[in-house]
There are 2 protein chains.
Amino acid sequence: MTVTDSAYATTAPAAAVTTCAQPLVHPRPTGQDRYTISEVVAATGLSAHTLRWYERIGLMPHVDRSHTGQRRYSNRDLNWLDLVGKLRLTGMPVADMVHYAELVRAGEHTFPDREELLTAHREDVRRRIAELQGTLAILDHKIDIYADARRASERA
Amino acid sequence: MTVTDSAYATTAPAAAVTTCAQPLVHPRPTGQDRYTISEVVAATGLSAHTLRWYERIGLMPHVDRSHTGQRRYSNRDLNWLDLVGKLRLTGMPVADMVHYAELVRAGEHTFPDREELLTAHREDVRRRIAELQGTLAILDHKIDIYADARRASERA
DNA sequence: CGCTTGCTTGGAGTGCACTCCAACTCTCTA
DNA sequence: TAGAGAGTTGGAGTGCACTCCAAGCAAGCG
């Protein structure tokens, strides 16, 4: 297992799992390992623009090319995009994700830095969850008021 | 107590605020009902720019003015800004908040619309909490991997 | 051969939510 | 009376995360 294997791979070995009945998230278009950009668009929901932009800003490991210069994404790339998608969902700024990608490229000696970055982000996510739950209570309260008013007017 | 404009003009605006110990939520600078923009800045954490911008885009009810044309915010305005702040924390787009503000201005007959808007938003918030919790699990998993590596190297 | 489809590029444009600027007025204090 | 300091305005600028564009290349098909 190489450095990049462990680093860019988010979850299970994905290509091997073709027997899986209906993977809900990110169906891998073929069982193979060289996907065109449009296949990746279909698999990830990102636009081709965004995929190329991610590459330009250094958010992707080097994507392989066909003999005609077209991108060929590997399963590892897809796994990486999976992680990026999760981090993005949590509102991590792209700049931070780029930083993380740089750490991954730099090699195993950045493990502590990566752990720290993710731990800090986890704290952030926890804080946000708490925040959202607090707001949920306020929302409930206001909705109750409107619902009470509605029930009162329906009775009348 | 009759609150005249000149009475407020002579009151040093910031003086009252500097003493404030650190009440958790939105300390109301004076016990009164006509706050200057800088008092509202101190109370809400929003910038004066943002407060004026909120007004321009229709996110505020009409803010009262002093005889010299300066804004004087009421406690009701502060309460409204409080709600806006909560909604903003949950990532509600400003356009939606403006829509809600319009409904409020339109009167009580918009109660059902308001209830619907808030209910839809609550669903959104719930979805986001679930999303964040899902990501938390992935974060935990990756942090574990790095932590294991660190402990292994510390033992070695 | 021409046509369509899919991909390539750098750079420009978009939408959101602020954020700042220049030029001005008003009031208070020295 | 001069200057500091808080406030006013419309419009321009900023940063982020895309999103689109124009021009061009390569492969497959009739």
Side-chain angles (χ1 to χ4, degrees), chain A residues 29-30 34-60 62-73 77 81 84-101 121 124, chain B residues 4-18 29-30 34-60 62-73 77 81 84-101 124:
Chain A
T30 80
R34 290 172 64 78
Y35 310 99
T36 66
I37 199 164
S38 61
E39 284 170 323
V40 177
V41 164
T44 63
L46 295 166
S47 75
H49 297 303
T50 301
L51 287 168
R52 288 191 275 256
W53 179 67
Y54 278 2
E55 218 175 312
R56 256 195 288 178
I57 64 174
L59 187 48
M60 288 293 295
H62 237 75
V63 175
D64 202 20
R65 298 293 179 121
S66 74
H67 71 111
T68 59
Q70 298 191 350
R71 287 170 183 79
R72 291 296 177 261
Y73 292 83
D77 294 330
L81 284 171
V84 164
K86 303 279 192 225
L87 294 178
R88 198 179 49 129
L89 274 183
T90 62
M92 182 187 271
V94 168
D96 289 8
M97 293 195 277
V98 169
H99 182 208
Y100 183 69
H121 186 57
D124 214 73
Chain B
T4 66
D5 289 331
S6 58
Y8 270 90
T10 48
T11 318
V17 189
T18 48
T30 80
R34 290 173 64 78
Y35 309 100
T36 65
I37 199 165
S38 60
E39 286 172 322
V40 177
V41 164
T44 63
L46 295 167
S47 76
H49 296 303
T50 301
L51 287 169
R52 288 191 274 256
W53 179 67
Y54 278 3
E55 218 176 310
R56 254 194 290 178
I57 64 174
L59 187 48
M60 287 294 295
H62 238 77
V63 174
D64 201 21
R65 298 295 178 120
S66 73
H67 74 114
T68 58
Q70 298 192 351
R71 286 169 182 80
R72 293 293 178 264
Y73 291 84
D77 294 332
L81 283 171
V84 164
K86 303 280 192 226
L87 294 178
R88 199 179 49 130
L89 274 183
T90 62
M92 182 187 270
V94 168
D96 289 8
M97 293 195 277
V98 169
H99 182 207
Y100 183 69
D124 213 75

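These figures come from a predicted structure and were not determined experimentally. Each chain gets a letter, A, B and so on, in the order the sequences are listed, and its residues count up from 1.
- Contact detail for B/Leu46 and B/Thr50: the closest heavy-atom pair is CD2-CG2, 4.2 Å.
- Checking the phosphate oxygens (OP1, OP2) of D/dG7, a side-chain nitrogen or oxygen of B/Thr36 falls inside 4.0 Å.
- For a distance-only test at 3.5 Å, the side chain of A/Arg56 qualifies as a donor-acceptor partner of the base of C/dG11.
- Checking B/Gly91 against A/Gly69, the closest nucleotide of DNA chain C that is more toward the 5' end is the one next to A/Gly69.
- Rounded to whole Å, atom C1' of D/dT8 lies 14 Å from atom CG of B/Leu51.
- Atom-to-atom, CD1 of A/Ile57 to C1' of D/dG15 comes out at 14 Å; the value is rounded to the nearest Å.
- Distance from the side chain of B/His49 is smallest for C/dC20 among the nucleotides C/dT8, C/dC20, C/dA17.
- The side chain of B/Ser38 sits closest to D/dG7 out of D/dT8, D/dG7, D/dA17.
- As rounded to whole Å, 12 Å separates atom P of D/dC18 from atom CG of A/Leu81.
- An OP1 or OP2 oxygen of D/dC18 is reached within less than 4.0 angstrom by a side-chain nitrogen or oxygen of A/Arg88.
- In this structure, A/Leu89 places its CG atom 11 Å from P of D/dC18, rounding to the nearest Å.
- Nearest to the side-chain atoms of B/Trp53 among the listed nucleotides C/dA17, D/dT19, C/dC7 stands C/dA17.
- Side-chain contact between A/Thr44 and A/Tyr73: absent, with no pair of heavy atoms (C-beta onward) separated by less than 4.5 Å.
- The CZ atom of B/Arg65 sits 14 Å away from the P atom of C/dC26 (whole-angstrom rounding).
- You'll find that the side chain of A/Thr50 is closest to D/dT19, out of C/dT19, D/dT19, C/dT9.
- Dashed line: the shortest gap from a side-chain N or O of A/Tyr54 to OP1 or OP2 of D/dC18 is under 4.0 Å.
- No contact: A/Ser47 has no heavy atom under 4.0 Å from any strand.
- One cannot find a donor-acceptor pair under 3.5 Å joining the base of C/dG6 and the side-chain atoms of A/Arg71.
- Put simply, CD on B/Glu39 is 12 Å from C1' on D/dA6, counting in whole angstrom units.
- With contacts defined as side-chain heavy-atom distances shorter than 4.5 Å, the pair A/Gln70/A/Thr36 does not qualify.
- Looking at A/Ile37 and A/Arg52, their side chains come closer than 4.5 Å, going by heavy atoms from C-beta outward.
- Across C/dC18, D/dC18, C/dT27, the shortest atom-to-atom separation from the side chain of A/Val94 is found for D/dC18.
- Going from atom CD of A/Glu55 over to atom P of C/dT9 covers 7 Å, rounded to whole Å.
- Nearest heavy atom pair, residue B/Ser47 against residue B/Val41, reads C-CG2, 3.9 Å.
- The distance from atom NE2 of A/His67 to atom P of D/dA26 is 10 Å, rounded to the nearest whole Å.
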